[in-house]
Amino acid sequence: MRVDQAVRPGLAEATLVLVTLIAGFGWLCSKEVLRGMPPLLFLGVRFGSAGVVLALLARWRAQPLPWRLPVSSWWSALMLSLAMVLWMLALQQSNNLGVGAFIGSLGVVLAPVLARLMFGTVLLAQTLWAMPLAAMGVAAMALHGGWQLGAADSLFLASAVAMSVFLNLNGRAGAKAPALSLTALQLLLAGVAGLVGSVLVEHWPSRLSGELMAWLLVSILLATCGRFFLQGWAQARVPMQRSAFILLLEPVWTAMLAWWWFGSGMSASQLTGAGLIMSSLLVSRRKPRRRGSLQSPVPAGKTGQ
């Protein structure tokens, strides 16, 4: 039996939790870099460099080159590119990382529903109970100042929709392609999208400070290479509905780290939203009382999970 096939589900789930912590830290890194670099240029440099590193590692480990992967891998890469372009533009305009992170988390809230619409995947009973809690939590975090979304929040919302499609496509692509090669392809396409957009619409700075270069390096190696490789590896081994709710931890970490790093306090409604989302995570982890209580019209093994 291959090592990948023998991985315990608990290890993959723990890896996803680590991914959310790295992702939360990545928000801080990105915000620091954006102080001196245009958003699309940053996206191109960060994701393009990380993609090259992972492509070289894939070559070294005798895995397929990124451009030789199946069509499903390319679709997932294109959706990630769209999600990241929208996210980077939103991040530059955002004044509150916690709020932006929780709006972005709508992507993983929508992912199980889209899995049902796209692939006929069954919605488990615990998912149906957890989703309203998650939705109310996201609303409390994102709309604490009223029911009107600003430009940054609207871009975060659009990015969330694209990310929800990516999460579903990525789960299926990960079952057909090695995690290292797949991640390299996704990051390379996102990097190309960022660089092309930057050349067309942005003005490049004449020089970058040493501090900014340090933040950029951390963003490339840890928040991009490490995060997306681990996410791709773990998501292929965890059911979509479970991984979607684990990934909801990302905005919780982001809000906490933003409070610690930038002094961005959390209002009462934001704290309530965080509590609701944590409750949804606990509910989603419960096992159904009766096996097969919600039967899927799709035969076992055909759902992509």
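Given the structure is predicted, the values throughout are model-derived calculations rather than measurements. If you read the sequence from its start, that first residue is 1, and numbering goes on from there.
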Do you see a donor-acceptor pair shorter than 3.5 Å between the side chains of [X] and [Y]?
{"X": "R46", "Y": "S219", "value": "no"}
{"X": "R59", "Y": "Q63", "value": "no"}
{"X": "S198", "Y": "W204", "value": "yes"}

Distance from [X] atom [atom1] to [Y] atom [atom2], nearest 0.5 Å?
{"X": "F42", "Y": "L91", "atom1": "CZ", "atom2": "CG", "result": "8.0 Å"}
{"X": "T183", "Y": "L57", "atom1": "OG1", "atom2": "CG", "result": "11.0 Å"}
{"X": "L82", "Y": "F166", "atom1": "CG", "atom2": "CZ", "result": "12.0 Å"}
{"X": "L43", "Y": "M88", "atom1": "CG", "atom2": "CE", "result": "4.5 Å"}
{"X": "T20", "Y": "L230", "atom1": "OG1", "atom2": "CG", "result": "11.5 Å"}
{"X": "I246", "Y": "L16", "atom1": "CD1", "atom2": "CG", "result": "5.0 Å"}

Check your understanding: For W215, does the CH2 atom have more than 12 heavy-atom neighbours from other residues, nucleotides or ligands under 6.0 Å away?
Key -> yes
Review point. With a 4.5 Å heavy-atom cut-off, do N170 and Q235 have their side chains touching?
Key: yes
Check your understanding: Can you tell if the side chain of S49 reaches within under 4.5 Å of the side chain of C225, non-hydrogen atoms only?
Key -> no
Check your understanding: With respect to Q186, which candidate in S181, S76, S73 satisfies the side chain to side chain donor-acceptor pair (under 3.5 Å) definition?
Key -> S76
Practice item. For this output row, return yes or no: ring centroids of W27 and W87 closer than 6.0 angstrom. Key: yes
Exercise for review: Write down the atom of G197, the atom of L40, and the distance for their closest heavy-atom approach.
Suggested key: C-CD1, 3.6 Å
Review point. Does a side-chain N-to-carboxylate-O contact under 4.0 Å join E250 and R227?
Key: yes
